[in-house]
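Okay, so here's the structure we're looking at.
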2 protein chains.
Amino acid sequence: MTRATIKDVSRVAGVSIKTVSRVLNKERYVSDDMRQKVEEAVARLNYHPSLAARTLAGRRSFQIGLIHDNPSPYYIFNMQAGVGQRCREANFRMIIQPCDINSPGLVDDIGALIDQAQLDGIIMTPPVTDVGTALAELFRRKIPVVRVQPGTDLTATSAVYIDNVQAADDMTAYLISLGHRRIGLVTGHANYFASGQRLTGYRQALQRAGIGFDAALVQPGQFDFQSGAAAAEALLALAEPPTAIFASSDEMAAGVLAAAHRLGVSVPEQLSVAGFDDTDLAQVVWPSLTTIRQPIRDLGYAAADLLLEFGETIERRQLPHELIVRGSTAGPKT
Amino acid sequence: MTRATIKDVSRVAGVSIKTVSRVLNKERYVSDDMRQKVEEAVARLNYHPSLAARTLAGRRSFQIGLIHDNPSPYYIFNMQAGVGQRCREANFRMIIQPCDINSPGLVDDIGALIDQAQLDGIIMTPPVTDVGTALAELFRRKIPVVRVQPGTDLTATSAVYIDNVQAADDMTAYLISLGHRRIGLVTGHANYFASGQRLTGYRQALQRAGIGFDAALVQPGQFDFQSGAAAAEALLALAEPPTAIFASSDEMAAGVLAAAHRLGVSVPEQLSVAGFDDTDLAQVVWPSLTTIRQPIRDLGYAAADLLLEFGETIERRQLPHELIVRGSTAGPKT
DNA sequence: TCGCGCTATGACAACGTTATCTTATCGGCC
DNA sequence: GGCCGATAAGATAACGTTGTCATAGCGCGA
């Protein structure tokens with residue numbers, strides 16, 4: 001027994017091949033009578049159209065690509081879940097392409113992917129979103145692109161994002177409202193524009209509260225555990241250490257927690273710690289993290305939605321973030 | 001400018017279409033002269049063959065599927081990384097199919113996937129590996145299958161796995177060697193055969209050391225944080241609580257740590273905690289976890305390797321695990 | 001009554017590869 | 001010298017869909 005083809009369906013239904021194709025593609029000009037006959041035949045034969053043949057004959061491949069260079073399992077997992085969900089709803093397939101933004105072959109790899117699979121669209125996550133040469137290649141091929149949280153050429157492609165400045169402002173303002181005046185910030189990797197945006201939000205909230213900006217309280221990080229721990233050690237070694245540390249990612253916040261544990265600084269009694277992202281990690285460390293919920297899964301879903309609904313038409317969608325208060329923050333010791 | 005086709009290549013190279021195809025597929029009976037001409041033309045035109053056309057015309061699709069129903073971001077991320085790596089080396093593509101083992105549509109979904117994409121092979125991870133109806137569907141279609149850590153029908157398909165019994169034995173023996181006599185075990189989800197195997201290893205090590213088995217020390221878990229925390233609370237509430245707790249996953253071990261923190265039990269001074277998997281999580285909690293390193297990425301790589309190298313021929317490959325000692329374990333307080 | 005536009009259906013080419021079959025050339029061996 | 005097998009190359013038919021064009025019926029206004 002071999003796979004059923006459209007020809008088999010047409011024979012069983014007693015109609016032409018083209019009519020079957022019309023029903024499958026929900027085209028106009030098909031009578032209810034025909035539609036029903038075809039649908040019955042499809043069900044009876046358990047027929048599934050060949051994607052390869054559809055791609056070859058038509059101008060669509062029913063596939064979109066997700067290009068990323070992001071080492072965070074949580075981020076990628078949730079992004080994939082969101083994109084995958086929307087793809088499934090539309091009966092599309094998602095091709096995952098990890099890459100290395102520093103590789104000289106990056107542009108060729110992307111081109112090869114699009115050529116070989118004839119993708120209908122591309123979704124990119126930071127930091128690939130801001131690699132000019134890669135973007136140029138996509139424009140050259142006139143393929144629809146949606147970027148997640150892009151940092152450059154904001155209006156060049158469709159995009160989904162959250163308001164990072166406001167989010168960091170919210171968190172900083174919350175810490176201030178608890179009574180903190182000396183608040184440390186661990187910034188993110190320089191490749192990510194969100195890092196700078198979060199710094200901006202932090203400064204913005206300080207200024208509004210009339211708290212002077214102290215550059216010594218800002219430590220560079222790379223979004224990972226190690227750099228978070230290192231930054232915390234540097235901050236806690238200051239002559240006048242902060243009473244709260246705001247890390248630009250949950251992973252770094254976990255690093256801050258570990259450093260505090262190691263140094264015997266109790267959280268949140270002696271030090272408040274805040275993260276960013278609200279990945280699963282935030283609830284798995286102890287104490288659980290006060291953080292900004294970034295709806296990564298929803299961002300993925302929205303990105304795929306823009307691609308499927310609007311295609312080349314440029315659209316933008318901002319998603320809401322949310323301040324999540326858990327056990328890692330409290331007022332400063334008096 | 002439109003995509004280059006094999007026809008363009010043949011024109012530029014001054015050879016027939018079939019000869020180009022031969023070179024691309026590394027077939028025999030091509031002179032060096034021809035090969036070189038073709039390769040030059042391919043490079044000059046930046047030609048990439050259409051996967052759709054290759055799939056339609058040939059009997060291979062250059063695509064394999066990865067089917068999973070696993071909620072752990074770390075596990076999936078690493079598995080994908082391993083499979084993806086091997087696929088890239090072979091210029092194959094990986095199609096990810098999350099699923100729900102309790103869904104009545106599971107078998108149909110898998111069938112549809114295979115039909116539509118004409119997959120060359122399937123990789124499954126637990127617990128999908130042991131769903132009889134799904135396996136039967138795959139056999140019916142005679143598609144090569146590799147299962148990761150299967151629990152049933154061990155010889156029915158190719159498989160990659162670690163020795164879970166030995167691994168749990170190793171960890172238990174290590175805890176015993178530290179001086180622990182009362183060792184709690186948090187088991188994994190009942191859907192996973194590895195859960196039972198780890199219990200077996202635990203009992204095996206106890207018996208060898210002449211320590212009686214106490215059923216009260218074994219608490220059921222589901223591989224997640226919450227169940228780990230709950231199990232720890234139950235264990236620590238015993239009249240004679242354990243001095244060490246071995247959780248069958250790092251997530252559950254994190255839950256044990258959180259429960260201990262909450263109850264004011266210091267780790268590892270008053271309680272040793274051990275995990276299983278050595279996902280990134282193990283190094284992100286505090287104190288960092290003593291655990292068994294399960295080479296998830298390598299398992300993925302090996303699974304794809306078996307698929308690509310052996311196809312339908314059944315092969316098995318066992319990968320080594322490793323005991324990783326970190327800060328969460330120590331001798332019991334005297 | 002004619003012709004026009006809309007609906008509904010089908011015949012057939014086209015998509016870009018691989019598979020199959022055929023042909024041509026070259027040595028070596030009886 | 002003729003025949004055979006091995007090598008090298010090409011012509012042409014698939015593969016299973018969608019796109020394009022043709023055709024037929026029907027209602028409606030001129």
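Chain letters run A, B, ... following the sequence lines, proteins first and then strands; every chain starts at 1.
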[atom1] of [X] versus [atom2] of [N]: gap in Å, rounded?
{"X": "A:R3", "N": "D:dG16", "atom1": "CZ", "atom2": "C1'", "result": "8 Å"}
{"X": "A:M34", "N": "C:dT7", "atom1": "CE", "atom2": "C1'", "result": "13 Å"}
{"X": "B:R28", "N": "D:dG5", "atom1": "CZ", "atom2": "C1'", "result": "13 Å"}
{"X": "A:N25", "N": "D:dT20", "atom1": "CG", "atom2": "P", "result": "13 Å"}
{"X": "A:D32", "N": "C:dT7", "atom1": "CG", "atom2": "C1'", "result": "13 Å"}
{"X": "A:Q36", "N": "C:dA8", "atom1": "CD", "atom2": "P", "result": "15 Å"}
{"X": "B:E27", "N": "C:dA19", "atom1": "CD", "atom2": "C1'", "result": "9 Å"}
{"X": "A:K26", "N": "D:dT18", "atom1": "NZ", "atom2": "C1'", "result": "16 Å"}

Looking at side-chain heavy atoms only, is the closest gap between A:L299 and A:Q294 below 4.5 Å? yes
After noting the C-alpha distance and the side-chain angles of A:R297 and A:Q85, does the key distance pass the side chain to side chain contact (heavy atoms under 4.5 Å, CB included) rule? CA-CA 9 Å; A:R297 202 193 142 105; A:Q85 167 83 32; 3.1 Å; yes
Would you tell me whether A:Q118 and A:R60 have side-chain atoms, one donor and one acceptor, within less than 3.5 Å of each other? no
Is it true that A:Q80 and A:Y75 share a donor-acceptor pair across their side chains at a distance under 3.5 Å?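 Result is no, nothing qualifies.
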Does a side-chain N or O of A:Y29 approach OP1 or OP2 of C:dA8 to a distance below 4.0 Å, or not?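 Checking C:dA8 against A:Y29, no side-chain N or O comes under 4.0 Å of OP1 or OP2.
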Contact residues, residues 7-22 of chain B to DNA chain C [heavy atom, < 4.0 Å]: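 The stretch gives B:I17, B:K18, B:S21 as the residues lying under 4.0 Å from the strand, ordered by number.
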Please name the residue in the list A:V146, A:V83, A:I143 that meets the side chain to side chain contact (heavy atoms under 4.5 Å, CB included) test with A:I64. A:V83
Residue among B:I95, B:I76, B:T125, B:I122 satisfying side chain to side chain contact (heavy atoms under 4.5 Å, CB included) with B:L66: B:T125
Terminal axis angle for the helix from C:dT1-D:dA30 to C:dC30-D:dG1, five pairs an end, nearest 10 degrees: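 One end axis against the other gives 60°.
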Quick check on contacts: within residues 38-64 of chain A, what sits under 4.0 Å from DNA chain D by heavy-atom distance? A:Y47, A:P49, A:S50, A:A53, A:R54, A:A57, A:G58, A:R59
Nearest-nucleotide wise, let me know which of B:Q118 and B:S31 is further upstream toward the 5' end of DNA chain D.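 By nearest-heavy-atom nucleotide position, the 5'-most residue is B:S31.
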Step through it carefully: locate the ring centre of A:Y74, locate the ring centre of B:F77, and say whether they are under 6.0 Å apart.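 No, the ring centres sit 6.0 Å or more apart.
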When the aromatic ring centroids of B:F62 and B:F92 are compared, is their separation below 6.0 Å? yes
Run the side chain to side chain contact (heavy atoms under 4.5 Å, CB included) check on A:V145 and A:E312 step by step: do they pass? CA-CA 7 Å; A:V145 175; A:E312 299 210 63; over 6 Å; no
Just do the side-chain hydrogen bond (donor to acceptor under 3.5 Å, both in side chains) check on B:T152 and B:D130 with the steps written out, would you? CA-CA 6 Å; B:T152 60; B:D130 303 314; 3.3 Å; yes
Does the side-chain hydrogen bond (donor to acceptor under 3.5 Å, both in side chains) test come out yes or no for A:R54 and A:N25, once each step is laid out? CA-CA 11 Å; A:R54 303 230 285 174; A:N25 291 288; 3.3 Å; yes
